[in-house]
Amino acid sequence: MKTRSFLLTLQDDVVVSESAATTGGHRCLDYIPGSAMLGAAAARVYNDPGLDSWLLFHSGKVRFGNARPLGDDRLPTIPLPLSLYQEKGSLLGAGMEPAGLFNLAAVQATELENEKQLKQLRGGFVSLAGQRVRAKHVSRLKTAIDPATGRASEGQLFGYESLLSGQQFLGWIDWDDDVPADQLDRLIQVLNGRLRIGRSRSAQYGEVQCAPLDFQPQFPSDVIDDRVILLALSDLALCDTLYQPTLIPEPASLGLANLELDARFTHLRVRRYSPYNAWRRSHESERQVIAAGSVLCYRKLPGFDENTLAALNAGVGRYRESGLGRIWCQPSVLAARHPVFPPSAKLVPVTMNNSTADAPIAKPATALIHWLSLRADAGGQRQHDERILSRIVAQLPELYRSARQVLGGVEGEKVGPGRSQWGEIDSQAMRRSGKALHEGLFGTETIAGAGGKVTDDRKIDDRKQSHLCKRRDPDWGAETYIDGKAQTFREWLLDVVMNSGIKDTSYFLRKLADAVRSETVMKICEGREGSR
């Protein structure tokens with residue numbers, strides 16, 4: 001079996017629906033399915049007389065894998081394993097510390113010290129170095145236009161959730177050794193360049209830049225004496241011995257023998273959906289699948305041959321040509337009670353090939369190009385603000401806990417700004433920006449002189465002024481202690497806004513207000529942290 005990776009860069013927002021249903025809320029996948037790449041390639045070469053379309057697109061000998069998002073560390077990602085749990089009340093940032101995570105594919109919760117209360121981690125991906133990665137989505141409402149009147153049609157309001165443009169995804173194609181090389185060369189050739197995938201391709205969605213790479217992702221395995229652990233890298237459409245769909249991953253469904261499913265250490269989720277085939281203009285048969293990220297655990301029985309696991313590298317179950325059935329056998333990440341991520345020195349980040357990298361293009365000095373450059377710079381600043389936000393959100397529980405300790409730790413008594421105050425912050429940030437937003441939050445005396453120097457005299461009584469974060473307010477003026485510095489909540493927020501290097505203050509404050517109003521932080525704020 002041979003493999004070729006490719007890098008997808010989203011030039012437009014891309015709509016890849018989780019379900020083809022036309023009613024209810026629309027949700028977008030957080031990866032690009034292999035079926036999208038298969039369809040893009042088939043649209044270009046399916047009727048080429050020099051190619052065997054059945055071999056390339058239907059036989060299962062050529063498999064188009066799902067493209068998963070890349071994080072800041074540029075390392076391949078895997079779906080977040082469902083066997084990973086964290087202690088309730090703890091918050092994880094982008095970097096997941098293994099000591100704070102528990103792998104229940106290797107140990108049962110009842111065996112942990114003090115029988116910790118755990119909650120399962122769900123959603124997103126994790127890089128091989130332990131960085132949590134989430135695909136960015138954006139939602140937009142639209143309406144159909146009545147061609148007779150040129151106005152919005154009655155009852156035709158709909159919404160799309162899509163993958164935000166600018167993100168990069170790493171995908172792959174693998175094929176059996178007996179597939180002719182000239183057929184594969186032609187297939188890779190048509191995938192090199194700009195493609196249109198997903199829904200609404202004729203409108204504003206769907207353009208991606210695809211670049212084949214020489215990069216080969218490495219997924220290290222670790223032999224476990226008495227067990228076999230399998231991590232589903234994509235959805236699994238398994239069949240039983242009668243070739244009927246099954247959601248029970250018995251060894252026979254995987255083509256294995258002398259194994260026994262161990263339900264105690266198995267963690268799986270299932271889903272069902274009916275893909276829409278745009279060429280046929282109809283839905284295909286329903287697929288009942290074990291979801292990506294599921295962890296399957298088996299006990300070895302006498303006579304088990306370790307070499308039989310090699311056959312799983314080509315995938316299991318049905319629909320392998322469109323990305324389903326991908327499995328990581330004996331993943332080293334899940335070999336112990338805490339996840340084991342390889343040292344960064346042993347990992348190779350994804351880089352562009354010199355042959356596929358675009359040469360720099362001179363930018364014409366026009367008003368349009370200047371405007372587009374500003375938009376691109378704004379996107380980079382947004383990513384910078386997101387990283388700062390992630391760091392500050394991780395401080396929130398400690399911020400409120402320290403304020404409660406200063407107060408004396410009175411159970412049931414609120415401390416610091418609560419939901420309503422942060423809701424007002426959110427409302428202000430939605431309506432205002434720049435200087436107007438700053439004055440609406442902190443008043444006019446916090447902006448003094450050139451250079452943005454802050455003068456914040458606690459003796460000033462601002463209770464009768466109209467701004468939100470007042471010095472003498474019992475909530476915003478509550479004392480807290482973090483990073484070796486005593487501050488009030490007002491001073492902490494002012495310091496964050498003035499000195500963190502953020503540029504889009506409105507967006508930043510809305511996201512921060514949403515994070516503070518999470519149940520984890522509000523339990524501390526309202527003195528309910530010890531309750532269940």
Side-chain angles (χ1 to χ4, degrees), residues 1-12 14-17 20 29 31-68 168-203 205-216 234 237 274-285 287 313-315 317-326 352-359:
M1 185 180 73
K2 300 178 182 178
T3 302
R4 188 72 182 269
S5 300
F6 54 83
L7 185 68
L8 290 176
T9 303
L10 307 192
Q11 306 297 318
D12 296 330
V14 174
V15 182
V16 280
S17 301
L29 294 172
Y31 61 91
I32 297 176
S35 57
M37 299 306 299
L38 184 152
R44 295 189 172 194
V45 298
Y46 196 86
N47 293 321
D48 190 325
L51 295 181
D52 187 343
S53 298
W54 175 263
L55 175 70
L56 294 178
F57 303 115
H58 303 288
S59 67
K61 290 181 174 292
V62 179
R63 297 167 286 276
F64 295 77
N66 299 335
R68 298 186 287 269
Q168 291 190 319
F169 293 74
L170 182 67
W172 50 269
I173 305 174
D174 67 22
W175 60 91
D176 294 343
D177 294 333
D178 58 350
V179 177
D182 61 320
Q183 303 273 318
L184 264 301
D185 291 342
R186 174 61 177 148
L187 186 64
I188 292 172
Q189 180 184 354
V190 301
L191 288 176
N192 186 9
R194 291 183 179 264
L195 307 173
R196 301 200 73 88
I197 60 176
R199 298 176 67 172
S200 289
R201 296 188 298 276
S202 60
Y205 295 102
E207 184 170 314
V208 303
Q209 178 73 30
C210 180
L213 306 176
D214 293 331
F215 179 82
Q216 296 292 328
S234 64
S274 299
Y276 183 79
N277 190 305
W279 177 258
R280 297 172 183 163
R281 298 185 180 182
S282 64
H283 290 85
E284 297 183 356
S285 58
R287 297 179 181 180
N313 292 330
R318 304 177 66 190
Y319 313 115
R320 286 182 287 171
E321 71 280 356
S322 56
L324 276 68
R326 191 71 168 178
M352 290 288 293
N353 299 334
N354 293 332
S355 59
T356 58
D358 292 333

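Computed from a predicted structure; not experimentally measured. Heavy-atom basis, side chains included; hydrogens, waters and symmetry copies ignored.
Checked by atom type and distance alone, the side chain of Q183 never pairs as donor or acceptor with a backbone atom of S53 at under 3.5 Å. In terms of modelled atom types and a separation under 3.5 Å, the side chain of Q168 and the main chain of L7 share no donor-acceptor contact.
With sequence neighbours left out, S35 forms a side chain to side chain donor-acceptor pair (under 3.5 Å) with no residue at all. The side chain to side chain contact (heavy atoms under 4.5 Å, CB included) search around R186 returns V45, D48, L51, Q189, V190, not counting sequence neighbours. Evaluation of the side chain to side chain contact (heavy atoms under 4.5 Å, CB included) rule for D12 yields R196, E207 as partners, not counting sequence neighbours. Under the rule for a side chain to side chain donor-acceptor pair (under 3.5 Å), the partners of S200 that lie at least two apart in sequence or sit in another chain are Y160. Scored by the salt bridge (Lys or Arg N to Asp or Glu O under 4.0 Å) test, R287 finds E284 as partners (sequence neighbours excluded). Residues that satisfy the side chain to side chain donor-acceptor pair (under 3.5 Å) test with R63, not counting sequence neighbours, are D174, D176. Applying the side chain to side chain contact (heavy atoms under 4.5 Å, CB included) rule to D185 yields no partners; only residues at least two apart in sequence or on another chain are considered. The ring pair (Phe, Tyr, Trp, His ring centres under 6.0 Å) search around Y319 returns none, not counting sequence neighbours. In terms of the side chain to side chain contact (heavy atoms under 4.5 Å, CB included) criterion, residue partners of L55 (sequence neighbours excluded) are, by chain and number, D52, S59, K61, V179, P180.
Each salt bridge (Lys or Arg N to Asp or Glu O under 4.0 Å) pair with one or both residues in residues 34-43, not counting sequence neighbours, would appear here, but there are none.
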